[in-house]
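Have a look at the structure below before the remarks.
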Number of protein chains: 2
Amino acid sequence: MSQTTVSRALNGFPEVSEKTRQVVLEAAAKHNYKPNTRARRLATGKSMTIGHLVCVSKEHEMVNPIFADFIAGASARYAQSRYDLLLSLVPDEVEFSSYKEWAARSAVDGVVVHAPRVDEQRIAQLNDLNMPFVVHGRSSNTFEKYNWVDVNNERSFFRATQLLIELGHTTIGLINGVADMDFAMRRAQGYQRALKENNIEQADSYVTHSEMTEPNGYKNALALLDLPDPPTALVTSSIIMANGIRRALDEHELKLGRDVSVITHDDDLSYFRDAAAVPVYTATRSSVREAGRLSADLLLKTIADPGRDPEGILLDAELILGSSTKPPRPR
Amino acid sequence: MSQTTVSRALNGFPEVSEKTRQVVLEAAAKHNYKPNTRARRLATGKSMTIGHLVCVSKEHEMVNPIFADFIAGASARYAQSRYDLLLSLVPDEVEFSSYKEWAARSAVDGVVVHAPRVDEQRIAQLNDLNMPFVVHGRSSNTFEKYNWVDVNNERSFFRATQLLIELGHTTIGLINGVADMDFAMRRAQGYQRALKENNIEQADSYVTHSEMTEPNGYKNALALLDLPDPPTALVTSSIIMANGIRRALDEHELKLGRDVSVITHDDDLSYFRDAAAVPVYTATRSSVREAGRLSADLLLKTIADPGRDPEGILLDAELILGSSTKPPRPR
DNA sequence: TCAAGCTTTCAAAGCGCTTTGGAAATTGTT
DNA sequence: AACAATTTCCAAAGCGCTTTGAAAGCTTGA
């Protein structure tokens with residue numbers, strides 16, 4: 001039997017009879033034969049690989065903990081279409097040159113952009129390279145067309161803040177992510193809009209920006225609690241920071257919910273899943289794993305049909321009521 | 001100029017004069033030329049790729065949160081040697097068939113085995129496949145030779161438990177990972193040995209095994225605190241569970257350290273780095289990122305020299321004194 | 001000046017697949 | 001039975017590199 005026939009039988013071409021195909025498949029199964037990836041990729045001119053470039057902040061060597069769950073979602077989708085996932089964790093300053101290298105040596109068929117900034121250079125650069133990509137998040141200051149999957153950050157933080165105001169809180173802190181991250185900016189906007197619409201004026205000192213680690217949640221919460229007029233409620237961008245906040249409250253002998261209300265964004269991380277009947281935290285919740293799945297899907301569609309118009313998928317975070325929000329205590 | 005010369009110039013062969021090499025390098029830089037990965041891999045017969053298979057527990061869709069930091073360490077090392085990292089997150093039941101598939105289609109030059117169990121089939125299977133690999137951790141019930149990088153789990157949990165006993169604790173709980181994980185078993189052994197050497201007898205109910213999530217830390221701590229003779233100290237395998245434990249203490253109006261002492265294993269995760277002058281938790285600390293670096297290093301060495309004898313690298317976790325351990329309160 | 005001995009360059013043969021274009025086998029039609 | 005139409009198969013070319021083996025260019029010594 002010729003190489004051609006085998007190749008066609010395995011790749012599901014119609015030119016081969018069903019009988020022959022069965023024979024081939026059986027023989028392949030018997031000898032555990034799988035076409036050599038390297039040869040196949042050279043012959044087809046496709047890499048069958050999606051690149052994920054995750055940046056490790058130089059300063060704190062921090063790896064964004066949501067990326068594991070995001071990738072878990074994406075990986076499942078890639079597997080379905082027999083794509084491989086190429087992962088690289090790099091210091092942020094070499095981010096773009098890594099994309100360029102991947103493109104030059106044609107190592108990937110498409111890439112996912114993680115953690116876009118308000119001013120995101122990579123979007124225009126990838127468009128220039130003509131590399132299919134999808135952004136997890138958006139970038140406000142760009143006029144480029146691009147694929148993205150994002151949650152409605154502005155609206156969900158508006159709602160969260162609004163909820164606190166309706167409960168009677170008038171001094172509300174925001175413990176946010178790094179300021180030049182697009183998601184952080186949008187969340188801050190939603191928070192500010194709620195304050196404004198309710199005619200609440202607050203000094204800038206009620207807002208902190210930092211990497212979303214537990215120690216930073218703790219530190220920033222302490223800073224806010226030490227203000228002359230401490231907030232009675234906090235909104236935060238990460239359940240990991242929320243844990244730090246709880247530690248700070250603890251140290252001040254304050255009880256979560258009763259003394260200080262907290263609403264957190266909840267990415268539904270697998271190791272922090274707040275699944276109790278009454279969740280610990282009132283939260284704006286949106287599964288980052290689902291976002292991974294959707295991003296992968298969108299990217300594979302774009303690769304399959306390069307003429308496709310870029311698409312944006314906006315997920316709406318649910319506002320989940322938990323036990324961390326109560327009306328403020330009378331003074 | 002011929003293809004041969006260019007190839008040799010770029011790959012640093014001595015057969016090409018320094019002058020020619022410079023010309024080639026400049027031209028390559030100018031046109032941003034990089035040899036096509038696919039063609040190169042076919043020609044050389046190497047994949048220049050390391051596979052990481054991370055299993056997602058079917059039951060809870062849990063992704064082990066330490067893997068992000070581990071991979072950050074490994075990725076840096078791969079980049080140095082121009083290797084790519086192929087990542088796949090799969091349900092545990094297909095774990096081995098994924099390795100087999102990678103081998104059959106020669107997609108990778110080596111793999112890293114994450115989260116080995118006490119009875120780990122994959123080690124023998126990979127040896128049979130003749131696939132270079134390194135295990136992050138060890139497997140107690142195997143006589144195979146293999147490369148591994150592990151921390152001294154037994155000893156560090158022995159020391160942790162011993163410390164609590166020396167402080168005066170006599171009722172000590174263990175909130176551990178899933179029982180068939182090798183690391184969990186070794187830690188339990190260290191804990192048991194300390195109890196035994198100090199003639200402390202305790203019912204099995206003082207030990208819990210579960211996936212290391214925050215909610216599980218909370219739940220298991222509650223269960224132990226509700227025992228007729230509740231423990232005055234806890235040892236736990238994960239800083240994420242420690243957060244759940246703190247929440248449980250909080251709910252019982254118990255103060256960490258003062259009322260209940262806690263020692264946790266601390267993988268030095270980037271988003272939970274307990275870097276205060278006096279750390280929050282007394283901990284057995286060992287950087288999982290460093291383990292990633294060392295694993296990558298060992299694997300690349302093995303690939304470069306296939307005749308190499310398998311090696312084991314045993315890291316010693318430091319016992320870091322924090323503020324979560326105090327003598328028990330007099331009743 | 002010429003042969004011997006190096007250094008530098010190159011043409012051609014793979015690597016293990018997919019794909020093309022055409023030949024052989026089978027089926028259907030008259 | 002003969003031919004056309006269709007189905008099934010195959011030989012050969014090519015994917016873009018690396019590597020081999022040999023040729024060309026350059027030095028050196030007699």
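Below, each value reflects all heavy atoms present in this structure, side chains not excepted, and no hydrogens, waters or symmetry copies.
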Whole-Å gap separating [atom2] ([N]) and [atom1] ([X]):
{"X": "B:Arg38", "N": "D:dC15", "atom1": "CZ", "atom2": "P", "result": "12 Å"}
{"X": "A:Leu42", "N": "D:dC15", "atom1": "CG", "atom2": "C1'", "result": "4 Å"}
{"X": "B:Lys19", "N": "D:dG25", "atom1": "NZ", "atom2": "C1'", "result": "12 Å"}

Difference in axis direction between the ends of the helix from C:dT1-D:dA30 to C:dT30-D:dA1, five pairs, 10°: 50°

Would you say that more than 12 heavy atoms from the other residues, nucleotides or ligands in this model lie under 6.0 Å from the NZ of A:Lys301, or not? yes

So with a 6.0 Å cut-off around NZ of A:Lys34, is the heavy-atom count from everything else above 12? yes

Please determine if A:Arg105 and A:Glu101 form a salt bridge, counting it only when a charged side-chain N lies under 4.0 Å from a carboxylate O. yes

Tell me whether A:Asp182 is salt-bridged to A:Arg138, with the criterion being a basic N under 4.0 Å from an acidic carboxylate O. no

Is a donor from one side chain sitting under 3.5 angstrom from an acceptor on the other, for A:Arg273 and B:Thr213? no

Side chains of B:Asp84 and B:Thr49: donor-acceptor distance under 3.5 Å anywhere? no

Applying side chain to side chain contact (heavy atoms under 4.5 Å, CB included) between B:Ile313 and each of B:Asp297, B:Val151, B:Leu298, report the one that passes. B:Leu298

Give me the distances for all protein-to-nucleotides 17-22 of chain C N/O pairs that come in under 3.5 Å?
{"residue": "C:dC17", "atom": "OP1", "partner": "A:Tyr33", "partner atom": "OH", "Å": "3.2"}
{"residue": "C:dC17", "atom": "O5'", "partner": "A:Tyr33", "partner atom": "OH", "Å": "3.1"}
{"residue": "C:dC17", "atom": "O5'", "partner": "A:Asn36", "partner atom": "N", "Å": "3.3"}
{"residue": "C:dT18", "atom": "OP1", "partner": "A:Asn11", "partner atom": "ND2", "Å": "2.9"}
{"residue": "C:dT18", "atom": "OP1", "partner": "A:Arg40", "partner atom": "NH2", "Å": "3.4"}
{"residue": "C:dT18", "atom": "OP2", "partner": "A:Ser7", "partner atom": "OG", "Å": "2.4"}
{"residue": "C:dT18", "atom": "O4", "partner": "A:Gln3", "partner atom": "OE1", "Å": "3.0"}
{"residue": "C:dT19", "atom": "O4", "partner": "A:Thr4", "partner atom": "OG1", "Å": "3.2"}

Is any side-chain nitrogen or oxygen of B:Thr20 closer than 4.0 Å to OP1 or OP2 of C:dT9? yes

Please tell me if A:Thr5 has a side-chain N or O lying less than 4.0 Å from either OP1 or OP2 of D:dC10. yes

Those residues that, when tested against A:Glu311, pass salt bridge (Lys or Arg N to Asp or Glu O under 4.0 Å) (two or more places apart): A:Arg308

